[in-house]
Amino acid sequence: MPLEIKDILLVSRKNNPVLGITGALCFLDGIYLQYLEGEASAVNALYQKIKTDPRHGHTKLLVHDQISQRAHPKWSMALLTWNEETKAIFKLFNPDSALDAYATDPASVSSLLQAWAGTPNWMTL
């Protein structure tokens, strides 16, 4: 696992509970796909910080929705990486795409993450 991922997880797992943010970080062939939950102002502030973080380049907001309840209330920041199962699930939601997180259909992001969340492939804390 690249050192920058370990650093992002360490900082996220320390700071997110204080900010009231939960979420998931997917590291997929050098590309990050991040899912954040929390109060809109806290999530928006964190996203602005992420956009200026040199470890994150070419940020692209895929979905910005209000939710009635958190999908991952106990995840300060979970990590998912590619394996055969996560690749197969990605292809179900993005059949015309190479394994490219940037090509993820914004309409399918929530369902994709929910499907991934049902697998044992997460490193959580």
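Values below: every heavy atom of this structure, side chains too, minus hydrogens, waters and symmetry copies. Being a predicted model, the structure only gives us computed values, none of them experimental.
For residues 34-46, every residue pair satisfying the side chain to side chain donor-acceptor pair (under 3.5 Å) rule, not counting sequence neighbours, is listed here: Thr22-Glu37, Tyr35-Glu37, Asn44-His64.
Residues satisfying the side chain to side chain contact (heavy atoms under 4.5 Å, CB included) criterion with Lys87, sequence neighbours excluded, are Trp82, Glu84, Leu99. Listed by chain and number, the residues in a ring pair (Phe, Tyr, Trp, His ring centres under 6.0 Å) with Trp116 amount to none (sequence neighbours excluded). Not counting sequence neighbours, the partners of Asn83 by the side-chain hydrogen bond (donor to acceptor under 3.5 Å, both in side chains) test are Thr86, Asn121. Val109 is linked by a side chain to side chain contact (heavy atoms under 4.5 Å, CB included) to Leu62, Val63, Thr104, Leu113, counting only residues two or more places apart in sequence or in another chain. Looking at residues two or more places apart in sequence or on another chain, you find a side chain to side chain contact (heavy atoms under 4.5 Å, CB included) between Lys51 and Tyr47, Gln48, Thr59. Looking at residues two or more places apart in sequence or on another chain, you find no salt bridge (charged side-chain N to carboxylate O under 4.0 Å, His left out) involving Asp105. Residues meeting the side-chain hydrogen bond (donor to acceptor under 3.5 Å, both in side chains) test with Asn15, sequence neighbours left out: none.
Shown here for Ala117 and Trp122, the closest heavy-atom pair between the two residues is CA-NE1, 3.3 Å.
Around NZ of Lys91, the count of heavy atoms belonging to other residues, nucleotides or ligands within 6.0 Å exceeds 12.
In this structure, the separation between OG on Ser12 and CG on Leu36 is 8.0 Å, given to the nearest 0.5 Å. If you take CZ on Phe90 and CD on Glu85, they are separated by 15.5 Å, rounding to the nearest 0.5 Å.
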